[in-house]
Amino acid sequence: MSNKPQNVKGMRDHLPQAMLLRQYIISTLTGVFERYGFEPLSTPVVEHAETLEGKLGEDEKLIYRFEDHGGRRLALRYDQTVPLARVVAQYGGELAPRMPWRRYAIGQSYRGERNQKGRYREFWQADVDIVGSASPLADAEIVAVLTDGLSALGFPEFTTMLNHRQVIGGIARVSGLDEGAAGGVYRAIDKLDKIGPDGVRQALLDFGVSAEAAGRILSLVLLEGSAEGVLKELSGQLATDERALAALDNLRAIITALGELGVPASRYTVAPRLARGLSYYTGLVFEAITPIWPEGAILGGGRYDELIGLFSGKAVPTVGLAFGIDRLHDVMEALNLGPRPATTAHVFVSIFGEAQLAESLQLARELRAAGVNVVTSLEVGNVGKQFKEADRKGVPLVLVLGPDDVARGEVVIKELASGNQRSIARSAVVQELMK
RNA sequence: GUGCCCGUAGCUCAAUGGCAGAGCACUUGAUUGUGGAUCAAGGGGUUGUGGGUUCGAAACCCAUCGGGCACCCCA
């Protein structure tokens, strides 16, 4: 530790190669969010510990807590959702004209888990929420943003699994379970993809669920196929449970709106097995999955109509989702998606010799003023070495202003990848490179 | 948070108790108007860190920091 510095466990450095892709992801998603009229919000990563406490259920043990110099009990934010709730309560009047408020927030959150691939103690999320609307249109719009976002990033294959908290609740109730037992049952169900139907059956029996009830739960949870078909089957099976029927109506309305928003039916399924851990969800829940990332969801979200009311005292219906930037990055890396520039500079301006120094820097200035990313040599002379530097750094173009070129009023532009070079008029260079 | 595996040059790895090495990368030169290929030379290490065992430790033991995997949970 003393000689070789190391990062803090689970907290990662992002070197330029990684950052270029991460910034692409962030700017692409930002573009999608703003096309839907979402507005940016930024809050500190540090909150009062009590702001985060009492919102997350068992996950609270993962919160980073500490005391500051003044003895205040503080915590690093666990997600962007609870801070959003705080902001809505704190600035209610100021935000009122924006309601229903579409807001996005991109930044890091912290969870004290043991890290694994795709799971870090500091991680970035792009969080998108619609605050102050209970309309199924809002739920559908969030799913549409999800679909557009992944499409804009170039994901070829992904599916969003949709479910509703009261469908899961209904399954538990018609199987004769009380609400108290439901939590463990949801967790068992959520593992279906990992442990298989028999594993879930065993887990249910271990929870004390009767064999008959376990069989019934399994048959419901295993339903799949077209969204329409699954909804119809669930309606029959859950006919005695009013809340579940209302939930199914809600899902139908959301799916109808999805169609109107242009989300193709191939992009989503109704999946009764989807539970999701966060305790604050009250309605729609969803997760996007992609076949090449079996480790888990690359994003997830849902409706949480009560969380924001915990601070403000009145219910503020809200639906939202979080893109996991780190997982998106890992998947895109694996699939070779997105642009892969080696560096930010597009043009390397070499400096032939002392006599050409001013002339070369002047050209660089003009290019920058025109919006071209330019790096200049910091060494004067030895053009061969300068070419080597440009090549090593991955800058695509090298400009040479040698004595002969300057005398002719020309500049040599060489494209390193192809090796092609040509000489063009000095006066035309800026125009040429702006293309 | 629990369990298991791992940490040697910038990177990938070798050396299993007895001289710390290779490939790639990097620097310089062959090449004073042009990178990549080739050839030659060179720099680079307290073997993550601290302690212990031993005549002798990269190797064995303990602790610690970091990485990976499975639980758990999730983005």
Side-chain angles (χ1 to χ4, degrees), chain A residues 1-13 15 17 25 56-63 78-81 106-128 146 183-184 186-188 190-191 194-195 274-279 281 285-289 293 295-301 320-331 348 350-353 356 377 380-407 411-421 423:
Chain A
M1 182 87 177
S2 56
N3 280 341
K4 254 186 196 173
Q6 279 181 315
N7 55 298
V8 174
K9 193 182 189 72
M11 314 267 181
R12 303 185 303 155
D13 299 308
L15 298 183
Q17 192 184 6
I25 293 170
L56 302 166
E58 285 189 22
D59 290 342
E60 274 196 33
K61 57 181 189 236
L62 302 179
I63 295 176
Y78 174 93
D79 61 16
Q80 302 252 34
T81 307
I106 298 174
Q108 52 274 75
S109 297
Y110 300 84
R111 296 180 192 180
E113 301 182 280
R114 199 168 279 193
N115 43 292
Q116 249 174 76
K117 194 172 292 292
R119 173 171 138 175
Y120 309 100
R121 291 185 167 188
E122 177 186 66
F123 59 98
W124 281 65
Q125 286 181 321
D127 202 68
V128 184
L146 176 176
Y186 298 162
R187 276 197 290 280
D190 205 34
K191 276 186 257 177
K194 192 171 277 183
I195 62 179
L274 177 66
R276 291 190 59 73
L278 287 179
S279 49
Y281 291 117
V285 291
F286 58 86
E287 271 181 20
I289 53 170
W293 188 261
E295 284 85 354
I298 48 178
L299 60 80
L321 77 91
F323 288 83
I325 306 269
D326 304 274
R327 289 181 182 180
L328 287 175
H329 181 278
D330 288 349
V331 175
F348 185 101
S350 65
I351 298 175
F352 192 90
Q356 292 76 30
S377 176
V380 177
N382 196 348
V383 178
K385 200 172 163 188
Q386 297 182 34
F387 267 87
K388 206 163 190 168
E389 179 184 344
D391 184 49
R392 174 163 38 86
K393 292 180 173 173
V395 185
L397 301 175
V398 176
L399 267 43
V400 180
L401 294 82
D404 300 347
D405 311 304
V406 172
V411 173
V412 171
I413 301 178
K414 179 161 184 172
E415 187 187 17
L416 291 185
S418 64
N420 296 335
Q421 74 174 46
S423 198

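Throughout, protein chains are lettered first and strands after them, A, B, ... in sequence-line order, and every chain is numbered starting at 1.
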ask   = Just one of Val383(A), Leu401(A), Asn382(A) clears the side-chain contact (heavy atoms from CB on, under 4.5 Å) bar with Phe352(A), so which one?
value = Val383(A)
Interatomic distance, Leu62(A) CG vs rC74(B) P [rounded to whole Å] = 9 Å
query = Taking for each residue the nucleotide of RNA chain B bearing the nearest heavy atom, is the 5' side occupied by Gly112(A) or by Gly402(A)?
reply = Gly112(A)
query = Reckon Gly394(A) touches a base, only the sugar-phosphate, or nothing at all at heavy-atom distances under 4.0 Å?
reply = nothing
task = Would you indicate what Ala126(A) reaches in the nucleic acid, counting non-hydrogen atoms under 4.0 angstrom: base, sugar-phosphate, or nothing?
result = nothing
key: Side-chain donor/acceptor of Arg119(A) to backbone N/O of Gly10(A), under 3.5 Å   = no
request  = Can you tell me the distance, in whole Å, between the NZ atom of Lys61(A) and the C1' atom of rG1(B)?
outcome  = 7 Å
query = Looking across every strand, which nucleic acid part, if any, lies under 4.0 Å from Lys414(A) by heavy atom: base, sugar-phosphate, or nothing?
reply = base
ask   = Are any of the side-chain heavy atoms of Phe348(A) and Lys393(A) separated by less than 4.5 Å?
value = no
request  = Using a 4.0 Å heavy-atom cut-off across all strands, classify Val398(A) as base, sugar-phosphate, or nothing.
outcome  = nothing
ask   = To the nearest Å, how far apart are Lys388(A) NZ and rA25(B) C1'?
value = 12 Å
query = When all nucleic acid strands are considered with a 4.0 Å heavy-atom cut-off, which category describes Phe323(A): base, sugar-phosphate, or nothing?
reply = nothing
task = Could you please name the partner base of rC60(B), counting Watson-Crick and G-U wobble pairs only when both distances are under 3.5 Å?
result = rG52(B)
query = Is rG21(B) paired to anything, Watson-Crick or G-U wobble with both distances less than 3.5 Å, and if yes, which nucleotide?
reply = rC13(B)
note = When both distances are under 3.5 Å in a Watson-Crick or G-U wobble arrangement, the nucleotide paired with rG33(B) is none
task = Confirm from the modelled atom types if Glu113(A) and rA75(B) form a donor-acceptor pair under 3.5 Å, side chain to base only.
result = yes
query = Taking a pair as Watson-Crick or G-U wobble with both distances under 3.5 Å, which nucleotide is matched to rC74(B)?
reply = none
query = Under 3.5 Å, is there an N or O donor on one side and an acceptor on the other linking the side chain of Arg114(A) and the base of rC71(B)?
reply = no
Under 4.0 angstrom between Asn382(A) side-chain N/O and rU32(B) OP1 or OP2 = no
task = Would you classify Gly381(A) as touching base, sugar-phosphate or nothing, given that sugar-phosphate means primed atoms plus P, OP1 and OP2, and contacts are heavy atoms under 4.0 Å?
result = nothing
remark   = Looking only at rG33(B), rG35(B), rG1(B), the nucleotide nearest the Asp405(A) side chain is rG33(B)
Side-chain touch Leu274(A)/Val285(A), heavy atoms, less than 4.5 angstrom = yes
task = Looking at every strand, decide which applies to Gln386(A) at a 4.0 Å heavy-atom threshold: base, sugar-phosphate, or nothing.
result = nothing
task = Report the nucleotide, chosen from rG33(B), rG35(B), rC69(B), that has the shortest atom-to-atom distance to any side-chain atom of Gln116(A).
result = rC69(B)
query = Under 4.0 angstrom, heavy atoms only, what part of the nucleic acid is Gly118(A) near: base, sugar-phosphate, or nothing?
reply = base
request  = Quick one: label Lys393(A) by what it contacts on the DNA or RNA (base, sugar-phosphate, nothing), any heavy atom closer than 4.0 Å.
outcome  = nothing
request  = Give Leu299(A) one of three labels, base, sugar-phosphate or nothing, depending on what nucleic acid heavy atoms sit under 4.0 Å from its own.
outcome  = sugar-phosphate
message = As a test of reading the structure: which of rC74(B), rG35(B), rG33(B) is closest to the side chain of Asp391(A), going by heavy atoms?
response = rG35(B)
request  = State the pairing partner of rG42(B); accept Watson-Crick or G-U wobble contacts with both distances under 3.5 Å, and report none otherwise.
outcome  = rC26(B)
query = Closest approach of Tyr120(A) and Gln116(A), non-hydrogen atoms and distance?
reply = CE2-O, 3.9 Å
ask   = Could you state the CG-C1' distance from Leu397(A) to rG35(B), rounded to the nearest angstrom?
value = 13 Å
task = Output yes when at least one side-chain N/O atom of Lys385(A) is less than 4.0 Å from OP1 or OP2 of rU31(B), else no.
result = no
key: Side-chain N,O (Gln421(A)) to OP1/OP2 (rU34(B)) below 4.0 Å   = no
Interatomic distance, Glu389(A) CD vs rU28(B) P [rounded to whole Å] = 10 Å
query = Say you draw a straight line from CG of Asn115(A) to CZ of Phe123(A); how long is it, rounded to the nearest 0.5 Å?
reply = 12.5 Å
request  = Look at the side-chain N and O atoms of Arg111(A) and state whether any lies under 4.0 Å from the OP1 or OP2 oxygen of rC74(B).
outcome  = no
inquiry  = Looking at rG67(B), I'd like to know if its phosphate oxygens (OP1 or OP2) sit under 4.0 Å from a side-chain N or O belonging to Asn7(A).
reply    = yes
message = Using a 5.5 Å cut-off between ring centres and planes within 30 degrees, is Phe123(A) stacked on the base of rA75(B)?
response = yes
message = rU27(B), OP1 or OP2 - any side-chain N/O from Arg392(A) closer than 4.0 Å?
response = yes
task = Report the distance from atom CD1 of Ile25(A) to atom CG of Asp326(A), rounding to the nearest 0.5 Å.
result = 9.0 Å
note = Taken to the nearest whole Å, CZ/Arg119(A) to C1'/rC69(B) is 11 Å
ask   = Nearest-Å distance, CD (Glu287(A)) to P (rA75(B))?
value = 7 Å
